[in-house]
Amino acid sequence: MSVAHGDLRYVYAVCRPLAAPLAADLTGVGGEPPRQLAHEGLVAVVGPVPEGDFAEEPLRAHLEDLDWLADTARAHQRVVAALTTVTCPLPLRLATVFRDDSGVRVMLEDGAERFRRVLDRIDGCVEWGVKVHMERRAEQAEPRGAPRSGRDYLRQRRRQRTADEGAWERAEAFARRLHETLAARAVDARLHAPQNAALSREPGRNILNAAYLVARSHSEEFVEAVDRTKDEERDAVGLRVELTGPWAAYSFTGEEAGAGERTGGEETDGAA
């Protein structure tokens with residue numbers, strides 16, 4: 001693949017040398033196919049991107065453009081997902097960009113110890129995500145019938161508050177049990193902050209937002225465990241359990257996975 005003059009190097013992930021080639025028709029950011037750049041036993045999966053879009057200043061502006069950001073994120077994820085079918089990659093942050101191949105090699109050399117440590121830890125594993133949402137059921141809605149007096153209104157509100165608190169306690173207990181069950185079947189687990197419903201646009205209140213690092217060979221058992229456990233109190237308190245994956249091990253590569261993002265030695269802004 002030829003690289004045009006002025007193109008920068010977009011890095012998708014770091015991995016071990018691939019045992020099988022990527023699909024010939026795979027494309028990444030800007031519709032460009034990714035390539036492998038090997039250095040001292042590690043491989044950076046890279047693609048060319050124009051300096052006019054990915055140098056520090058234009059990139060900063062682009063990151064405020066939600067449509068551009070979504071397109072770039074989809075292309076990034078497409079390459080990482082393809083890698084996940086043939087290896088266990090360490091994904092880098094969105095918009096990790098270097099001036100040239102030499103800059104990518106320096107990144108591999110500087111981070112070699114950490115890259116190898118993380119790749120050893122996630123070897124043979126994938127990430128599964130599990131979320132629990134508590135949805136408002138009909139019986140949790142406003143009391144039926146208009147109150148006959150102020151005292152009647154206060155009594156209705158007190159009953160409703162007690163019912164809501166009881167449902168919330170049962171939902172939290174269910175989420176704790178589910179997490180403990182799944183964590184016991186995983187190599188590692190991460191509890192993320194609950195999602196904001198206004199931002200995620202998911203119905204209900206997010207109680208559990210967790211990621212699990214699971215051996216590929218045990219993934220079927222893990223999924224079956226979710227299916228068995230998630231119905232335990234779902235009907236009783238209006239819970240919805242969501243399973244996503246398998247993904248690359250985004251949650252288990254360390255906060256510094258995107259460190260070293262730079263263009264010609266200068267750091268660039270990236271989105272997690």
Answer yes or no: is there a donor N or O on one side and an acceptor on the other, between the side chain of Arg121 and the main chain of Phe252, under 3.5 Å? yes
Would you find a donor on one side and an acceptor on the other, under 3.5 Å apart, between the side chain of Asn206 and the backbone of Val132?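 Yes.
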Between Thr72 and Tyr10, is a side chain to side chain contact (heavy atoms under 4.5 Å, CB included) present by the stated rule, with each step listed? CA-CA 11 Å; Thr72 302; Tyr10 186 108; 4.2 Å; yes
Of all residues at least two apart in sequence or in a different chain, which pass the salt bridge (Lys or Arg N to Asp or Glu O under 4.0 Å) check with [X]?
{"X": "Asp65", "value": "none"}
{"X": "Arg105", "value": "none"}
{"X": "Asp123", "value": "none"}

For [X], all residues meeting side-chain contact (heavy atoms from CB on, under 4.5 Å), sequence neighbours excluded:
{"X": "Arg16", "answer": "Leu42, Arg116, Leu119, Asp120"}
{"X": "Thr244", "answer": "Glu242, Trp247"}
{"X": "Ala13", "answer": "Leu83, Pro89"}
{"X": "Ala186", "answer": "Tyr212, Val214"}

Please tell me if the side chains of [X] and [Y] come closer than 4.5 Å, counting only heavy atoms from C-beta onward.
{"X": "Arg216", "Y": "Cys88", "value": "yes"}
{"X": "Lys131", "Y": "Leu208", "value": "no"}
{"X": "Leu94", "Y": "Leu69", "value": "yes"}
{"X": "Val226", "Y": "Arg185", "value": "no"}
{"X": "Met107", "Y": "Phe115", "value": "yes"}
{"X": "Thr253", "Y": "Pro91", "value": "yes"}
{"X": "Glu172", "Y": "Met134", "value": "no"}
{"X": "Val14", "Y": "Arg114", "value": "no"}

My understanding is that only residues two or more places apart in sequence, or in another chain, count here; which of them pass ring pair (Phe, Tyr, Trp, His ring centres under 6.0 Å) with His62?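 With neighbours one apart ignored, the set is Trp68.
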Would you compute the distance between atom [atom1] of [X] and atom [atom2] of [Y] and round it to the nearest 0.5 angstrom?
{"X": "Asp7", "Y": "Asp100", "atom1": "CG", "atom2": "CG", "value": "12.0 Å"}
{"X": "Asp53", "Y": "Leu8", "atom1": "CG", "atom2": "CG", "value": "9.5 Å"}
{"X": "Phe98", "Y": "Leu108", "atom1": "CZ", "atom2": "CG", "value": "8.0 Å"}

Steps toward side chain to side chain contact (heavy atoms under 4.5 Å, CB included) verdict (Arg190, Tyr250): CA-CA 11 Å; Arg190 292 284 186 275; Tyr250 284 99; over 6 Å; no
Contacts of Ser251 meeting side chain to side chain donor-acceptor pair (under 3.5 Å) (sequence neighbours excluded), chain-then-number -> Glu127, His192
Tyr12: partners by side chain to side chain donor-acceptor pair (under 3.5 Å), with sequence neighbours left out: none
Using the rule given for side chain to side chain contact (heavy atoms under 4.5 Å, CB included), can you reason through Ile207 versus His133, listing the C-alpha separation, both sets of side-chain angles and the distance that settles it, and then say yes or no? CA-CA 6 Å; Ile207 302 172; His133 299 273; over 6 Å; no
[X] and [Y]: which non-hydrogen atoms are nearest, and at how many Å?
{"X": "Val187", "Y": "Ala215", "result": "CG2-N, 4.2 Å"}
{"X": "Leu239", "Y": "Ala171", "result": "CD2-CB, 3.6 Å"}
{"X": "Val29", "Y": "His76", "result": "CG2-N, 4.3 Å"}
{"X": "Ala189", "Y": "Ala183", "result": "CB-CB, 4.1 Å"}
{"X": "Val43", "Y": "Pro17", "result": "CG2-CA, 3.7 Å"}
{"X": "Asp101", "Y": "Arg9", "result": "OD1-NE, 2.8 Å"}

Electrostatic pair Arg176:Glu180 at N-O distance under 4.0 angstrom: no
If you look only at pairs with a residue in residues 75-91, which of them pass as a salt bridge (Lys or Arg N to Asp or Glu O under 4.0 Å), with sequence neighbours excluded?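 As it turns out, there is no salt bridge (Lys or Arg N to Asp or Glu O under 4.0 Å) pair with a partner in residues 75-91 once direct neighbours are skipped.
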Pairs where residues 21-31 contributes a residue and the test salt bridge (Lys or Arg N to Asp or Glu O under 4.0 Å) is met, not counting sequence neighbours: none
Quick check: are there more than 12 heavy atoms from other residues, nucleotides or ligands sitting under 6.0 Å from CD of Glu220? no
